[in-house]
J.: 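I have a structure here, written as structure tokens, and I will follow up with some questions on it.
The figures here come from the full heavy-atom set of this structure, side chains too, leaving out hydrogens, waters and symmetry mates. Owing to the predicted nature of the structure, the values given are computational and were not obtained by experimental measurement.
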Amino acid sequence: IFQIFDLFGLDHGCLQTNEQKSAAVTELWRFKSSEVTAECQALADAGKHPAILLAKNEQFPFDLFDFEEKFTTDLDIGALFSSFRANNLTHVYGIPVHSRGEVFVFVIGRLGKTIDTVELLTFQSICANAINKIAHFELSPFDAKKSHLLSKRERVVLIGVARGETYSRIADGLRFSEVTVKALVESSMVKLGGRNISHTILLAIIGK
């Protein structure tokens, strides 16, 4: 997903909100501006990023700026919109993907330009397809022919990478060092014959 977004010259991030717990988790951020990233991170951690709040009731992509007036009383959200403008992001779009009781919100913008409806719907389709594949991967992550090649620790780490988690986050969750996580990724690549981590995950899924 993010390689495609990069190809189309987008600044982007991904938020995940669990509707049952009303909690927000920042999965990935690739906004080029550290200021924008910090603002988004803080609001996501507080569970009040406008994209998260809006996506729960939206099925189609939306421009956050169309709803700016709804958040005028919240100074923190106001600071986010100011940060967007200061970094030439005059249109920022939320792309909601509803899957298994969760809402994944991809947030994209193109510096100084709008993104047309056809592109937004195409991106939404790409995001939904990826989320569904990740969900399938989590339920049945490895092809039977390949699963015996990997240790339990290697499988857990690959699932974390497939979810888009950073090595440091995986390490924290498993109480490993980041060096150990990298070593497990590399050993998985060797065992499955993967050219890179994406190829390795693909091999683990389809068993080719």
J.: So, using ring pair (Phe, Tyr, Trp, His ring centres under 6.0 Å) as the criterion, who are the partners of Phe71 when residues are at least two apart?
T.: none
J.: Using modelled atom types and a 3.5 Å cut-off, is there a donor and acceptor pairing between side-chain atoms of Ser83 and backbone atoms of Ala79?
T.: no
J.: Return the minimal non-hydrogen interatomic distance between Gly160 and Ile170, and the atom names on each side.
T.: C-CD1, 3.7 Å
J.: Could you tell me if the side chain of Leu80 sits less than 4.5 Å from the side chain of His49, heavy atoms only?
T.: yes
J.: Does Gln124 reach the main-chain N or O of Phe106 with its side chain, forming a donor-acceptor pair under 3.5 Å?
T.: no
J.: Using salt bridge (charged side-chain N to carboxylate O under 4.0 Å, His left out) as the criterion, list what pairs up with Glu178, not counting sequence neighbours.
T.: none
J.: What is the minimum heavy-atom distance between Glu154 and Ser188, and which atoms define it?
T.: CB-OG, 3.3 Å
J.: Do Ile108 and Pro61 make a side-chain contact, defined as non-hydrogen atoms from C-beta onward lying under 4.5 Å apart?
T.: no
J.: Tell me, with the steps shown, if Phe104 and Ile95 meet side-chain contact (heavy atoms from CB on, under 4.5 Å).
T.: CA-CA 8 Å; Phe104 295 84; Ile95 301 179; over 6 Å; no
J.: Could you report the tightest heavy-atom contact between Ala55 and Val105, atom names first, then the distance?
T.: CB-CG2, 3.4 Å
J.: For Leu89, does its backbone N or O pair with a side-chain atom of Asn87 as donor and acceptor, under 3.5 Å?
T.: no
J.: So, do Phe81 and Leu64 sit near enough that their side-chain heavy atoms are less than 4.5 Å apart?
T.: yes
J.: If we only count heavy atoms from C-beta on, is the Phe62 to Leu120 side-chain gap below 4.5 Å?
T.: no
J.: Check whether any side-chain heavy atom of Leu184 sits under 4.5 Å from a side-chain heavy atom of Phe176, and report yes or no.
T.: yes
J.: Taking only residues two or more places apart in sequence, or in another chain, which ones meet Thr180 in a side chain to side chain donor-acceptor pair (under 3.5 Å)?
T.: Ser177
J.: Is there side-chain contact between Leu53 and Lys70, with at least one heavy-atom pair below 4.5 Å?
T.: no
J.: Take Tyr93 and Phe123, measure what ring pair (Phe, Tyr, Trp, His ring centres under 6.0 Å) needs, and give me the verdict at the end.
T.: CA-CA 11 Å; Tyr93 303 88; Phe123 293 145; 9.6 Å; no
J.: Do the side chain of Arg110 and the main chain of Phe8 share a donor and acceptor less than 3.5 angstrom apart?
T.: yes
J.: For Asp74, enumerate each residue passing the side-chain contact (heavy atoms from CB on, under 4.5 Å) test, keeping only those at least two apart in sequence or located in another chain.
T.: Lys48, Asp76, Ile77
J.: Within the distance-only criterion (no hydrogens, no angle test), does the side chain of Ser125 pair as donor or acceptor with the backbone N or O of Leu121 below 3.5 angstrom?
T.: no
J.: Report the residues that fulfil salt bridge (charged side-chain N to carboxylate O under 4.0 Å, His left out) with Glu68, sequence neighbours left out, ordered by chain and then residue number.
T.: Arg85
J.: Let me confirm one number: the CD1-CG distance from Ile126 to Asn129, rounded to the nearest 0.5 Å.
T.: 8.5 Å
J.: Taking all non-hydrogen atoms of both residues, which atom of Cys127 and which atom of Val97 are closest, and how far apart?
T.: CB-CG2, 3.9 Å
J.: Kindly give the cluster partners of Val190, where membership spreads through any ILVMFWY side chain lying under 4.5 Å from a current member.
T.: none
J.: Quick one, Lys191 and Leu150 - any side-chain contact, counting heavy atoms below 4.5 Å?
T.: yes
